Amino acid sequence: MGRRIALAAFLLASFAAWGQAPDARMQRLAEAARKEGEVMVYHSTQSDDLRPVFEAFTKKYGVKVREWRSSSENVVQRVIRESNAGRHEVDFIENNLPEQEALRREKLLKKIETPLYADLRPRMAPAHHEYAVSTMDVFVQAYNTQKVKKEELPKTYQDLLDPRWKGRLGVEADDYDWFGMVVGLMGEEKGLRLFRDIVVTNGISVRKGHTLLAQLVASGEVPLALTVYNYKPPQLKAKGGSIDWFVMQPVIAQMHGVAVHKDAPHPNAAELLYDFFLSEAQPILAANDFVSSSRKVSSPFDNMEIHFIDPAEAIDKDEQWTKLWEQNVTKRSSS
């Protein structure tokens with residue numbers, strides 16, 4: 001009950017920060033969106049995590065949100081496949097930023113001009129304005145509170161060489177971009193050598209899916225996971241899971257963003273939802289433990305140095321980072 005009251009107070013205070021008076025642009029979009037009646041969203045976030053946003057949007061504007069959810073890669077492939085076939089079904093895309101950048105390079109996204117960019121944190125609104133950051137998925141380390149004592153948590157990646165971690169470590173299978181950033185910041189040669197030594201000494205279990213990995217930590221099957229998105233441990237802990245989180249430097253974050261398809265069949269509803277994600281959806285997402293892209297919403301990481309995965313670099317170094325990840329971690333490890 002206390003958590004619900006606190007969340008309600010937080011939401012009320014955050015909504016007030018945006019004010020209630022819509023400008024002419026928002027009024028125009030809202031009127032046109034109501035006539036369109038619906039908006040089709042393709043996204044890669046768990047549906048339960050976005051449902052409160054969609055419900056609030058529909059309640060405010062009377063516009064129905066239809067959705068299709070899949071992996072970030074599948075979202076990109078479906079958008080490109082449909083566009084090439086001349087099928088215009090998707091209006092709005094919510095996905096990781098490297099995947100949004102891939103769609104931008106395919107010239108499939110619409111440039112959106114909104115005054116809400118001024119409310120975002122630095123680097124959250126690229127100059128091209130074809131997508132914007134809605135949330136930041138910070139990679140944290142998660143541990144099972146029944147299997148790992150807080151006082152024995154590692155302070156650095158070097159500490160993972162301790163024999164106490166043998167058979168107790170896990171990572172997500174596709175986090176090559178996290179790995180590329182971490183070893184790059186450590187110094188590539190030094191970082192690669194360290195992770196090879198960790199795998200040889202203690203092993204690293206490789207699991208597919210960040211939600212699954214977090215659930216395995218909560219159940220105790222994976223006592224310590226190195227690459228869990230920050231919002232999952234608090235969510236699982238609130239449901240009674242034996243899980244908590246901490247961070248080791250360098251702290252890496254994947255940016256998650258929103259975009260409008262250039263041939264959206266419901267363009268006004270899509271642009272209205274775009275603005276909603278960058279404004280009133282921010283406290284809703286934060287209340288569900290996501291890290292907001294807005295300056296107006298605080299997070300546990302506000303005073304922490306975070307290194308963001310640049311979407312263009314992630315695409316350009318995809319093959320290189322994947323090869324390093326496989327050679328030094330996943331193909332050396334067991335599942």
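Since we're looking at a predicted model, the values are computed, not measured.
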Non-hydrogen side-chain atoms of [X] and [Y] separated by less than 4.5 Å:
{"X": "Y131", "Y": "I112", "value": "no"}
{"X": "N288", "Y": "V53", "value": "no"}
{"X": "F308", "Y": "L97", "value": "no"}
{"X": "P154", "Y": "M248", "value": "yes"}
{"X": "M181", "Y": "D175", "value": "no"}
{"X": "W321", "Y": "F179", "value": "no"}
{"X": "Y176", "Y": "D318", "value": "yes"}
{"X": "L224", "Y": "L160", "value": "yes"}

Are the ring centres of Y229 and F139 closer than 6.0 Å?
yes
Could you tell me the separation between the [atom1] atom of [X] and the [atom2] atom of [Y], rounded to the nearest 0.5 Å?
{"X": "E82", "Y": "N84", "atom1": "CD", "atom2": "CG", "result": "10.5 Å"}
{"X": "I306", "Y": "Q249", "atom1": "CD1", "atom2": "CD", "result": "9.0 Å"}
{"X": "F54", "Y": "F92", "atom1": "CZ", "atom2": "CZ", "result": "7.0 Å"}
{"X": "D177", "Y": "E313", "atom1": "CG", "atom2": "CD", "result": "10.0 Å"}
{"X": "E73", "Y": "N95", "atom1": "CD", "atom2": "CG", "result": "8.0 Å"}
{"X": "L50", "Y": "L285", "atom1": "CG", "atom2": "CG", "result": "7.0 Å"}

Between R164 and E152, does a side chain to side chain contact (heavy atoms under 4.5 Å, CB included) hold up when you go through it step by step?
CA-CA 9 Å; R164 75 173 62 184; E152 71 176 343; 2.7 Å; yes
Verdict with reasoning, M136 to M124, per side chain to side chain contact (heavy atoms under 4.5 Å, CB included)
CA-CA 9 Å; M136 295 168 277; M124 300 296 102; 4.0 Å; yes
Atom of [X], atom of [Y] and distance for their closest heavy-atom approach:
{"X": "V133", "Y": "S293", "answer": "O-OG, 2.7 Å"}
{"X": "I198", "Y": "Y157", "answer": "CD1-O, 3.6 Å"}
{"X": "P98", "Y": "Q254", "answer": "CD-OE1, 3.3 Å"}
{"X": "A225", "Y": "V217", "answer": "CB-CG2, 3.5 Å"}
{"X": "G257", "Y": "Q100", "answer": "O-NE2, 2.9 Å"}
{"X": "S44", "Y": "N96", "answer": "OG-N, 4.2 Å"}

Using the ring pair (Phe, Tyr, Trp, His ring centres under 6.0 Å) criterion, which residues pair with W245? Sequence neighbours excluded.
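Partners of W245 under the ring pair (Phe, Tyr, Trp, His ring centres under 6.0 Å) test: F301.
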Worked check of side chain to side chain contact (heavy atoms under 4.5 Å, CB included) between R78 and W68:
CA-CA 10 Å; R78 179 168 177 173; W68 178 78; 2.9 Å; yes
Does [X] reach the main-chain N or O of [Y] with its side chain, forming a donor-acceptor pair under 3.5 Å?
{"X": "R207", "Y": "E172", "answer": "no"}
{"X": "E38", "Y": "V65", "answer": "no"}
{"X": "Q320", "Y": "K317", "answer": "no"}
{"X": "S299", "Y": "V291", "answer": "no"}
{"X": "T58", "Y": "E55", "answer": "no"}
{"X": "K147", "Y": "G220", "answer": "yes"}

Contacts under 3.5 angstrom, residues 189-197 side chains, donor-acceptor by atom type, not counting sequence neighbours:
residue, atom, partner, partner atom, Å
R196, NH1, N328, OD1, 2.8

Would you kindly say whether [X] and [Y] are connected by a side-chain donor-acceptor distance under 3.5 Å?
{"X": "D119", "Y": "Q282", "value": "no"}
{"X": "E67", "Y": "S47", "value": "yes"}
{"X": "Y231", "Y": "Q46", "value": "no"}

Are W325 and I315 connected into the same hydrophobic cluster when the rule is that any two of I, L, V, M, F, W, Y join if their side-chain heavy atoms are below 4.5 Å apart?
no
Shared hydrophobic cluster, V200 / V182 (ILVMFWY, side-chain heavy atoms < 4.5 Å):
no
Applying side chain to side chain donor-acceptor pair (under 3.5 Å) between Q235 and each of T211, D49, D48, report the one that passes.
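Filter result, single survivor: D49.
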Assess whether side chain to side chain contact (heavy atoms under 4.5 Å, CB included) is satisfied between I309 and I252, documenting all intermediate values.
CA-CA 7 Å; I309 298 172; I252 310 299; 3.7 Å; yes
Run the side-chain donor-acceptor check on residues 266-273: report pairs under 3.5 Å with partners two or more places apart or on a different chain.
residue, atom, partner, partner atom, Å
H266, ND1, D91, OD1, 3.4
H266, ND1, D91, OD2, 2.9
N268, ND2, E36, OE2, 2.9
E271, OE2, R25, NH2, 2.8

Does this structure show an ion pair linking [X] with [Y], if we count only N-O contacts that are shorter than 4.0 Å?
{"X": "R121", "Y": "D302", "answer": "yes"}
{"X": "E101", "Y": "R105", "answer": "yes"}
{"X": "E89", "Y": "R87", "answer": "yes"}

Around atom CD of E319, are there more than 12 heavy atoms of other residues, nucleotides or ligands at under 6.0 Å?
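Result for CD/E319: open.
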